[in-house]
Every structure is written in C-alpha cells, then in structure tokens.
Amino acid sequence: MKMMDTRAYVGMLKELVEQGREVRMVISGSSMAPFLIHGRDSIFFRAPARELRKGDIVFYERPGGQFVVHRICRVHADGYDIIGDAQTEIEHHVQRKQIFAWVTKVERKGKILVPGTFWWEFFAQVWIRIIPLRPILMHGYARLFGVDKKKNDACRENERKRR
C-alpha cells in the first residue's frame, strides 16, 4: 500500500472544497471523541454556506500548517475559540481565513447524522457547555466502552505540543 503525506492529502481535499464540492473523509485522531471515533466515523464537509456559529464543527489550518477538525465554542468579532470534543483546552482566536470547511454531516456508527439530530445537538449544545467536566466524563466513557486512556492522553499531549 502506498502512503500519502497527510498535508498533501488534506491539501487535495481543500482544493475540492474550494471548487464547491462536498468531501468525505474518515476521521483520524481522537480529539473529537466521543462524538467521532478514529477510523470508524467519517465527516462530510464543504465551504461554509452561512455564518459560522457556536457548536459548528469546522476544518481549519493552524499557522504551523497542521489541519484540524474541531468545534466552535465561542464566536468573537475577530475570530473563534475552538476545541475538540475530547479536550479541555480551548484554542483562542482562530481567524475566519484559517477555516476552509464546515462539517455538514457525519457518518457515526454507520448512520448519517446532520444538525438537528439528537447526538449532533447533544454535542453542539450540551457537551460544549461542560468543558470543565470532560475529564471525569471521558474517564467514565473510557472505562465503560474500553477506550484506551493512554492513547487519548497521548493525543491530548500531542495537541498541546503542536500549538
């Protein structure tokens, strides 16, 4: 199997979005758990069709060139505060020009979810408000569903180092 550089791959997807296409991608990484699980779930995304708001999942590029899919937790006049569903540290002041796509739907556990469905709204409306409680809830989730806590901790540590 031939491996492709992640930056080149996402760069190609970004070009498709800029051409007005909707793109599907399998989730890689655990920063959006428990809503989206690495290797199991997919996102569908396109160029934003409206003003972005709290709870939206966006695909953006960090100044260092890393591509990230996270959720908007606050909207400011000069940018956005963004966080992964498995995280407790907010990334502040992400600029609109860094965001190239908006997640329009997901395939989660083999089912298509769109805004308005129960789990989508739970994570967009409830989960986003309980950031300080996430470590406790994620620990319980990991124990209940056998998620590898060390892998999740390593993912969070890598996220901190990349900033």
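- In this structure Ile27 satisfies the side-chain contact (heavy atoms from CB on, under 4.5 Å) test together with Leu36, Ile43, sequence neighbours excluded.
- In plain terms, the two heavy atoms of Met138 and Ala86 that are nearest each other are CE-CB, 4.0 Å.
- Between the side chain of Asp56 and the backbone N or O of Leu52, no donor-acceptor pair lies under 3.5 Å.
- Shortest non-hydrogen contact noted between Phe45 and Ala101 is CD1-CB, 3.5 Å.
- Cluster annotation: Ile57 is connected to Ile130 through the hydrophobic network of ILVMFWY side chains, with a link wherever side-chain heavy atoms come within less than 4.5 Å.
- Residues Ile72 and Arg53 form no side-chain contact, since every pair of their non-hydrogen atoms from C-beta on lies 4.5 Å or further apart.
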Note to self: Apply side-chain contact (heavy atoms from CB on, under 4.5 Å) to residues Ile83 and Glu91 and explain how you reach the verdict.
What the structure shows: CA-CA 6 Å; Ile83 189 168; Glu91 187 169 351; over 6 Å; no
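- With hydrogens and angles ignored, the 3.5 Å screen pairs a side-chain donor or acceptor of Arg108 with a backbone N or O of Phe35.
- A distance of 3.0 Å separates OG in Ser31 from NE2 in His70, rounded to the nearest 0.5 Å.
- Taken together through direct or relayed side-chain contacts under 4.5 Å among Ile, Leu, Val, Met, Phe, Trp and Tyr, Val69 and Val17 form part of one hydrophobic cluster.
- Remark: Gln19 CD is packed, more than 12 non-hydrogen atoms of other residues, nucleotides or ligands lying under 6.0 Å away.
- In this structure the side chain of Ile82 never reaches within 4.5 angstrom of the side chain of Ile90, judged on heavy atoms.
- Between the Arg129 side chain and the Gln125 main chain, a donor and an acceptor come within less than 3.5 Å of each other.
- Residue Gln87 comes nearest to Ile131 through the heavy atom pair O-CG2, 4.4 Å, listed as atom of the first residue, atom of the second, then distance.
- Taking all atoms of both residues into account, the shortest heavy-atom contact from Met32 to Gly84 is SD-CA, 3.8 Å.
- Interatomic distance, Phe44 CZ to Arg24 CZ, rounded to the nearest 0.5 Å: 4.0 Å.
- Formation of a donor-acceptor pair under 3.5 Å by the Gln98 side chain with backbone atoms of Glu61 is found in this model.
- Taking both residues in full, the closest heavy atoms of Leu113 and Thr117 are given as CB-OG1, 3.7 Å, listed atom of the first, atom of the second, then distance.
- Under the 4.5 Å side-chain heavy-atom criterion for ILVMFWY residues, a single connected hydrophobic cluster contains both Val103 and Val126.
- The two residues Pro34 and Trp127 make their nearest non-hydrogen contact at CD-CZ2, 3.9 Å.
- In this structure a side-chain-to-backbone donor-acceptor pair under 3.5 Å is missing from Glu22 to Arg46.
- Looking only at atom types and distance, the side chain of Tyr60 has no donor-acceptor partner in the side chain of Gln66 under 3.5 Å away.
- Sparse packing is recorded around CZ of Arg21, with 12 or fewer heavy atoms of other residues, nucleotides or ligands lying under 6.0 Å away.
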Margin query: I'd like to know whether Arg40 forms a side-chain contact (heavy atoms from CB on, under 4.5 Å) with Glu107, so could you lay out the CA-CA distance, the side-chain angles of the two residues, the decisive distance to 0.1 Å, and finally the verdict.
Written below: CA-CA 9 Å; Arg40 181 192 74 186; Glu107 182 177 353; over 6 Å; no
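- Pairs passing the side chain to side chain donor-acceptor pair (under 3.5 Å) check and including a residue from residues 74-86, sequence neighbours excluded, read Arg71-Asp85, Arg74-Asp81, His76-Asp81, Asp81-His92.
- Between Phe118 and Phe122, the angle of the ring planes stays under 30°, which puts this pair in the parallel group of the 30/60° scheme.
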